[in-house]
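Got a structure for you, written out below as structure tokens; questions coming shortly.
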Amino acid sequence: MQTPKSVHIHCEDNGDDKTMNTMIDDLKKAGVYNELKAKQLRSWADIRNSAAHGQFDQFKRMDVEQMLKGIKDFLGEVAT
């Protein structure tokens with residue numbers, strides 16, 4: 001995976017923060033990762049959003065454990 005030296009993420013035109021899925025799409029378009037990785041990131045974002053909104057029936061403990069490991073691995077890939 002080739003990582004650009006810097007990627008700038010700007011707020012939406014109206015000044016609001018971008019959603020996680022919008023940022024994932026922008027970084028994919030910038031070539032930080034491919035569509036397969038973007039799908040994986042979106043699934044982790046879905047787990048995070050479900051947890052943040054108290055929808056604990058939408059995921060299992062194993063999903064969270066795999067998400068945390070995946071995020072650590074992903075950060076290790078893009079930070080090098």
Side-chain angles (χ1 to χ4, degrees):
M1 177 181 321
Q2 187 176 18
T3 305
K5 291 186 186 221
S6 66
V7 175
H8 299 282
I9 300 173
H10 302 283
C11 293
E12 295 290 350
D13 291 338
N14 63 5
D16 291 343
D17 292 336
K18 289 188 175 189
T19 65
M20 203 175 313
N21 282 332
T22 301
M23 286 190 285
I24 290 167
D25 291 341
D26 288 350
L27 291 168
K28 185 189 104 183
K29 289 176 191 170
V32 175
Y33 41 74
N34 61 26
E35 178 59 26
L36 183 60
K37 183 60 73 177
K39 285 180 181 182
Q40 189 173 47
L41 293 169
R42 286 187 208 103
S43 75
W44 296 336
D46 288 343
I47 293 169
R48 178 255 172 230
N49 289 336
S50 292
H53 294 282
Q55 299 169 331
F56 303 115
D57 60 327
Q58 300 295 312
F59 58 91
K60 296 183 177 0
R61 179 184 180 101
M62 180 183 279
D63 296 325
V64 175
E65 290 170 354
Q66 290 174 344
M67 175 188 74
L68 293 173
K69 181 184 180 322
I71 290 170
K72 287 178 187 177
D73 293 345
F74 172 73
L75 293 174
E77 291 173 15
V78 298
T80 56

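Computation of the quantities below employed the complete heavy-atom set of this structure, encompassing side-chain atoms and omitting hydrogens, waters and symmetry-equivalent molecules.
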Open item on the list: Using 0.5 Å steps for rounding, measure from the CD1 atom of Ile24 to the CD atom of Glu35.
Closed with: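 The CD atom of Glu35 is 10.0 Å from CD1 of Ile24, to the nearest 0.5 Å.
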Open item on the list: Just verifying a value: how many Å separate Leu41 CG and Asp46 CG, rounded to the nearest 0.5 Å?
Closed with: 11.0 Å
Task: 4.5 Å side-chain heavy-atom contact, Arg42 and Asp25 - done: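 Side chain of Arg42 against side chain of Asp25, heavy atoms only: contact under 4.5 Å found.
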Open item on the list: Rounded at 0.5 Å granularity, tell me how far CG in Leu36 sits from NZ in Lys28.
Closed with: 11.0 Å
Open item on the list: Would you say that Phe74 contacts Lys37 through its side chain, given a criterion of any heavy-atom pair below 4.5 Å between the two side chains?
Closed with: yes
Open item on the list: Just verifying a value: how many Å separate Asn49 CG and Thr19 OG1, rounded to the nearest 0.5 Å?
Closed with: 9.0 Å
In a table with atom names and distances, give each donor-acceptor pair under 3.5 Å that connects a side chain of residues 53-66 to protein atoms at least two apart or in another chain.
unit_1, atom_1, unit_2, atom_2, d
Arg61, NE, Glu65, OE2, 2.9
Asp63, OD2, Lys60, N, 2.7

